[in-house]
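This structure is a prediction, so every number in the text was calculated from the model and none was measured.
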Amino acid sequence: MNDRYESPLSERYASKEMQYIFSPDMKFKTWRKLWIALAESEMELGLNITQEQIDELKAHADDINYDVAREREKLVRHDVMAHVYAYGVQCPKAKGIIHLGATSCYVGDNTDIIIMTEGLKLVRKKLLNVMNELAKFADKYKEQPTLAFTHFQPAQPTTVGKRATLWLMELKLDLDDLDYILDNMMLLGSKGTTGTQASFLELFEGDHEKIKELENKIAHKMGFEKCFPVSGQTYSRKMDTRVLNVLAGIAASAHKFSNDIRLLQHLKEIEEPFEKNQIGSSAMAYKRNPMRSERIASLSNYVMVTALNPAITSATQWFERTLDDSANKRLSVPESFLAIDGILDLYLNVVDGLVVYDKVIEKRLMSELPFMATENIMMDAVKAGGDRQELHEKIRELSMEAGANVKQKGLENNLLELIAADEAFNMSLEDLQKTMDPRKYVGRAPEQVDEFLSEVIQPILDENKELLGMRAEINV
């Protein structure tokens, strides 16, 4: 269809798996599962509902007569009642007990929680796969010295693998947050029109224990441990805020990674994958633009900003319920999930195909290393009988001279030659060059990578090994 708007999140970015989770089919099939859980629980607690009625409902749980529901909704202008009617057409014996005692939020809100939970599970799976690939990358390059940057200015060396652990650490924090939210997801339950369960108190003739057990049964039948202990007509919209904040956190981590990759690609040290027939620029044929990392940044901005929507919605709800949440929820929640899904696919694709140019990395590091080695050189000269304060001033002066040669004259860094020519240091150029092994200046970076991966990351990956092994497909 080219004559109407279609969301780029569906057309270009999100996987089919995530799109199905937020599809109408998933929504309405979940409604029917909730109606079955409600009727079955009510039967088990003594209401006049038969197994035959339950079996009839189960027989038509998945073959939804959408045409009947659409026609009915045109007449009654109410989506839930239209689907109650359509289900009843297929289940004539059970139609009188469908949705018994419930309000629309019984199916609407419980379904929202179920769908977000399924979405979080898929996000978790993809997040773990990104972490797995980053762990492999960090381990492979844990001893590869590289110039580190603070303020994007040359700083003490690190290793390529150690830098990757910084990206990985942020994802580990995101996983902690995600697991906390998943562990605390709960259904609305069966609360009635203002959350007081008055309709169910009527159904069960004042038996409070049965009403409490009803919620427990529904929760367990739907795969949850618990329901909200108290609510108005809806579950607290604070839950949407918490969920989207987790997605925004992942987006922030992905954005940071994409920034670093784009800067490294500018430096020609590390590049994201670039396919044989890929075009980097319509005008400049030689270009290899980091378009995947740029797309990660773009989508991440969207997710982080969209997280404001449920926060504002939650803050402005009135008493037991208003309906000014509905339209916003329909947009902000699914689109955040579809966007983070696309981000993680891109992240996985980029990490899986990163290209490391070790010669470029080495050349840049070696051009700066003499400056970073000055403290070691000074200490060696002091050991040989030199005056520390005098040597410090001389190294400062020579460093300024070498820096001017590089910046103002475009020459190579000749700091070592300048030091060798100064008798105060009593060191030959050969002696000085022996100090230029980059591995002497990376500190504990390789060991930190080993310890972090073995003590922190690998236990997580081992515990979730059945979820690993994904490959990311990028549509465009």
Side-chain angles (χ1 to χ4, degrees), residues 141-167 256 259-271 286 288 290 354-449:
Y141 292 102
K142 64 187 175 186
E143 295 184 358
Q144 171 73 58
T146 189
L147 187 63
F149 296 98
T150 58
H151 317 279
F152 203 28
Q153 302 299 309
Q156 280 190 347
T158 184
T159 68
V160 173
K162 171 63 194 299
R163 179 175 282 147
T165 64
L166 305 185
W167 305 324
K256 200 278 185 196
N259 288 347
D260 288 352
I261 295 300
R262 291 157 70 191
L263 292 169
L264 288 167
Q265 186 149 334
H266 167 78
L267 297 173
K268 297 182 173 63
E269 292 189 4
I270 296 178
E271 285 185 349
Y286 61 87
R288 293 167 66 99
L354 281 176
V355 181
V356 177
Y357 296 109
D358 56 334
K359 298 300 182 185
V360 177
I361 290 171
E362 183 181 356
K363 182 180 179 181
R364 177 167 285 106
L365 177 57
M366 295 308 295
S367 72
E368 298 287 347
L369 196 60
F371 294 123
M372 291 151 201
T374 52
E375 185 175 5
N376 290 37
I377 292 170
M378 185 171 62
M379 292 300 100
D380 288 342
V382 170
K383 290 176 185 177
D387 181 285
R388 195 268 178 199
Q389 305 310 320
E390 179 186 342
L391 292 170
H392 182 276
E393 178 58 22
K394 283 185 174 290
I395 277 190
R396 189 190 69 79
E397 293 173 355
L398 295 176
S399 295
M400 294 300 106
E401 181 180 346
N405 287 335
V406 172
K407 295 176 181 177
Q408 297 173 17
K409 301 177 182 178
L411 301 175
E412 295 294 321
N413 185 342
N414 67 334
L415 179 59
L416 296 185
E417 286 81 357
L418 293 173
I419 292 173
D422 193 314
E423 294 180 356
F425 290 92
N426 193 27
M427 299 176 76
S428 69
L429 182 60
E430 184 180 2
D431 291 335
L432 290 167
Q433 287 172 338
K434 288 178 182 177
T435 68
M436 290 298 104
D437 181 356
R439 290 172 294 183
K440 292 182 178 180
Y441 302 96
V442 299
R444 295 191 66 250
E447 291 76 16
Q448 286 180 340
V449 174

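Between Thr146 and Thr159, the shortest heavy-atom contact is CG2-C, 3.6 Å. In terms of heavy atoms, Glu271 sits closest to Tyr357 at OE1-OH, 3.1 Å. Of all non-hydrogen atoms in Leu391 and Ala424, the two that sit nearest each other are CD2-O, 3.7 Å. For the pair Ala148 and Arg163, the tightest heavy-atom approach, listed with the atom from each and the gap, is CA-NH2, 3.6 Å. The nearest pair of heavy atoms linking Pro145 to Leu365 is CB-CD2, 3.6 Å. Here the closest heavy-atom approach between residue Asn413 and residue Ser367 is recorded as ND2-O, 2.8 Å.
Side chains of Arg439 and Glu143 form no contact here, defined as non-hydrogen atoms less than 4.5 Å apart. Contact check for Ile261 versus Pro290: no side-chain heavy atoms found under the 4.5 Å cut-off. Taking the side chain as every heavy atom from C-beta outward, Glu393 and Glu397 approach each other to under 4.5 Å. Here the side chains of Thr435 and Asn376 are not in contact, with every heavy-atom distance at 4.5 Å or above. Using a 4.5 Å heavy-atom threshold, the side chains of Lys142 and Gln448 count as separate. Looking only at side-chain heavy atoms (C-beta outward), Phe425 and Asp431 stay at 4.5 Å or farther from each other. When side chains are defined from C-beta on, Lys256 counts as touching Trp167, because their heavy atoms get closer than 4.5 Å.
Enclosure of atom CG in Asn426 is not indicated, since only 12 or fewer non-hydrogen atoms of other residues, nucleotides or ligands lie within 6.0 angstrom. A 6.0 Å sphere centred on CD of Glu375 holds no more than 12 heavy atoms belonging to other residues, nucleotides or ligands. Around atom CD of Glu447, more than 12 heavy atoms belonging to other residues, nucleotides or ligands sit under 6.0 Å away.
Rounded to the nearest 0.5 Å, atoms CE (Met436) and CG (Leu416) are 5.0 Å apart. Atom CG of residue Leu166 and atom NZ of residue Lys162 lie 5.5 Å apart, to the nearest 0.5 angstrom. To the nearest 0.5 Å, atom CE of residue Met427 and atom CG of residue Leu429 are 10.5 Å apart. Distance CD1/Ile395 to CZ/Arg388: 9.0 Å, rounded to 0.5 Å. To the nearest 0.5 Å, atom CD1 of residue Ile419 and atom CE of residue Met378 are 10.5 Å apart. With rounding to the nearest 0.5 angstrom, the OG1 atom of Thr165 is 15.5 Å from the OH atom of Tyr141.
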Exercise. What's the verdict on salt bridge (charged side-chain N to carboxylate O under 4.0 Å, His left out) for Lys394 and Asp422, showing C-alpha distance, side-chain angles and the deciding distance?
Worked result: CA-CA 9 Å; Lys394 283 185 174 290; Asp422 193 314; 3.6 Å; yes
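Side chain of Asn414 to backbone of Glu417: no donor-acceptor contact under 3.5 angstrom is found. Formation of a donor-acceptor pair under 3.5 Å by the Arg364 side chain with backbone atoms of Leu267 is found in this model.
Tested against Asn405 for a side-chain contact (heavy atoms from CB on, under 4.5 Å), the candidates Lys407, Lys409, Gln408 yield a single pass: Lys409.
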